[in-house]
Amino acid sequence: MRDWMKREPVVIVAGRGAVLRDEKGKEYLDANASIWTNLHGHGHPVINAAIKRQLGKIAHSSALGLASEPASLLAEKLVRLADSPRRPKLRRVFFGDDGSTAMEAALKMAYEFARRTGRSRRPKFLSLQSAYHGDTVGAVSLGHIGLFHGAYHGLLFKTDSVMAPYCYRCPFNRARPERADARQYRQCQWECTDLVERKLRAQKRKGNPYAAFVFEPLIQGAAGMVPQPAGWLRRAADIARGHGALLIADEVMTGFGRTGPMFACQQERVAPDLMAVAKGMTGGYLPMGATLTSKAVFGAFLGEYDEFKTFFHGHSFTANQLGAAAALASLRLLESAACARARRRLREALGGALQTLWDLPNVGDIRQVGLMAGVELVRNWKTREPFALAERAGIRVCEAMAKRGVLTRPVGNVIVLIPPYCATPAQARRMVAALREGVDEVCV
Ligand SMILES: *Cc1c(COP(=O)(O)O)cnc(C)c1O
């Protein structure tokens, strides 16, 4: 906090496309899509117009016992987009305010489902090491990042964690070859999914199988942009389901095309029972989240009035009409062929530019999934020795990038690039060039 107090903040006053402008008139590229939320750029005429049109009718009315047109249309659209052709599943939508509350609702639904169906009296949850699911107490309880979550330890309920893949630092020394030193590895034997299986089996043997297995699909964001190897999610999900656990997919970061398909789970043909979305849902214009679930989970909350089985959870701004209008406009843009083309071009440009960073001695790993990338800085690429967090390597590189007109935030020693989908290939190359110059300036 002292560092932050000492410095003059960059005061953003305007934005157009992938460009932000501060009060002094200096322009920056929004290289993390305003903390992973923005899809089509700032000030998009279609989204602006949709919000203004809705504002002309009404900004907000309670959804507690009432309905609204934009929220109903949005729910219908989300159900259609989340559909898995093989097993249509996510048919019910609960609107919340953001990613944390979307996860909070998923957690409570899974908890009550397990109790009401008699599966467990004291439902337990299994999530991944280094998981991040938001900052409310339930979401923090599911998280396993010591630095973020340790402070609240005494406040949290206990959840179990299991190893998530981190191929660059694979403890079994089986990481897939990324560089010339590849020969030191042996072939991956899926030891990490074996661990998932062992954990689930042990809990089942205790007579109280896990109520749900919770995961960020394809890539863990706050863990440092750590992707799962192809096939991991499918295997882990099959194992969890085989042991009777519901699947809770946290698509808050990965949803809405960020990894390629509309939702990351679709890439691995995993059909979760609950799915949390937020960040990009409104195109990054307004705060809004949603929890999608199945008819089976929904059914556990149906009853006569005096059974009091309703889902006891609600927010004042649930199903906010302005947010829903923005989301509908953003999703229409997202489904256009032009957007698909632009995303493909951007993904290739970003990937090509990132490959040029391998020659930097402080670049240990470069990880890209769709339109998300993390560049892990290390003291020495040969030994993979990390920088101590206190050295603030990631923060200093991002400060050097800001001087060059590129704004992003690091996760520890990982520099994150998450451009809005509207960024041009030239803008993506400028983001990577600033990263290169930043590393050159800061690391020696
Ligand atoms: C950002 C994020 C959240 C929390 O979302 P908020 O809108 O910040 O509350 C949850 N899960 C994941 C994977 C995230 O990236």
Side-chain angles (χ1 to χ4, degrees), residues 32-39 78 94-110 125 127-145 147-149 152 156 159 161 164-166 212-228 233 247-259 263-265 267 270 272 274-292 313 315-320 323 326-327 330 367 369-374 408-412 414 416-418 420:
N32 75 348
S34 293
I35 203 72
W36 319 354
T37 61
N38 193 287
L39 302 189
L78 289 173
F94 180 87
F95 286 113
D97 300 339
D98 49 40
S100 304
T101 53
M103 282 303 293
E104 210 71 32
L107 176 69
K108 283 186 175 175
M109 287 178 194
F125 292 85
S127 48
L128 297 175
Q129 280 167 21
S130 299
Y132 178 80
H133 297 295
D135 280 346
T136 52
V137 168
V140 171
S141 296
L142 293 173
H144 297 285
I145 299 180
L147 183 65
F148 296 175
H149 301 145
Y152 305 107
L156 309 176
T159 63
S161 68
Y166 187 176
F213 177 53
V214 187
F215 51 87
E216 294 161 77
L218 287 193
I219 177 165
Q220 289 188 294
M225 293 295 147
V226 183
Q228 297 145 8
L233 180 61
L247 303 178
I248 302 182
D250 179 350
E251 292 254 14
V252 172
M253 173 185 73
T254 51
F256 305 109
R258 199 33 93 176
T259 67
F263 295 105
C265 282
Q267 179 137 328
V270 165
L274 294 126
M275 184 169 101
V277 295
K279 287 200 170 97
M281 186 164 81
T282 62
Y285 278 57
L286 288 160
M288 191 177 202
T291 308
L292 280 68
H313 183 110
H315 299 289
S316 312
F317 285 100
T318 279
N320 175 260
S330 172
R367 305 188 276 264
V369 175
L371 290 174
M372 276 190 279
T408 185
R409 272 172 80 84
V411 183
V414 178
V416 172
L417 292 181
I418 299 193

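When a residue number appears, it is its place in the shown sequence, counting from 1. Counting starts at 1 for both ligands and their atoms, in listed order.
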Checking Ser127 side chain against Leu142 main chain: does a donor-acceptor pair fall under 3.5 Å? yes
If every non-hydrogen atom of His315 is compared with every non-hydrogen atom of Gly96, which pair is closest and at what distance? CD2-CA, 4.1 Å
Ligand 1 atoms in contact with Met253 (distance to a heavy atom under 4.0 Å): 15 (O)
Look only at interatomic distance and state if Trp36 has a nitrogen or oxygen under 3.5 Å from any nitrogen or oxygen of ligand 1. no
CG on Asn38 to OG1 on Thr282, rounded to 0.5 Å: 9.0 Å
Contact region, Glu216 to ligand 1, non-hydrogen atoms below 4.0 Å, reads side chain
Does Ile248 reach the side chain of His133, with side-chain heavy atoms less than 4.5 Å apart? no
Going by heavy-atom distance to atom 12 (C) of ligand 1, choose the closest among Thr136, Thr254, Asp250. Asp250
Indicate the atoms forming the closest heavy-atom contact of Leu247 with Val270, along with that distance. CD1-CG1, 4.1 Å
Near Gly99 (heavy-atom distance under 4.0 Å), the atoms of ligand 1 are 4 (C), 5 (O), 6 (P), 7 (O), 9 (O)
With no hydrogens and no angle check, just 3.5 Å: does a side-chain donor-acceptor pair link Thr101 and Glu104? no
Atom 15 (O) of ligand 1: nearest protein contact (heavy atom, Å): Lys279 NZ, 2.6 Å
Under 4.0 angstrom from ligand 1, any heavy atom of Met103? no
For Ser100, is at least one N or O under 3.5 Å away from an N or O on ligand 1? yes
Numbered atoms and elements of ligand 1 in range of Asp98, under 4.0 angstrom, heavy atoms: 7 (O), 9 (O)
Determine all donor-acceptor pairs shorter than 3.5 Å in which one atom belongs to a side chain in residues 214-222; sequence neighbours excluded.
{"residue": "Glu216", "atom": "OE1", "partner": "Gly221", "partner atom": "N", "Å": "3.1"}
{"residue": "Glu216", "atom": "OE2", "partner": "Tyr132", "partner atom": "N", "Å": "3.1"}
{"residue": "Gln220", "atom": "NE2", "partner": "Gln129", "partner atom": "O", "Å": "3.2"}

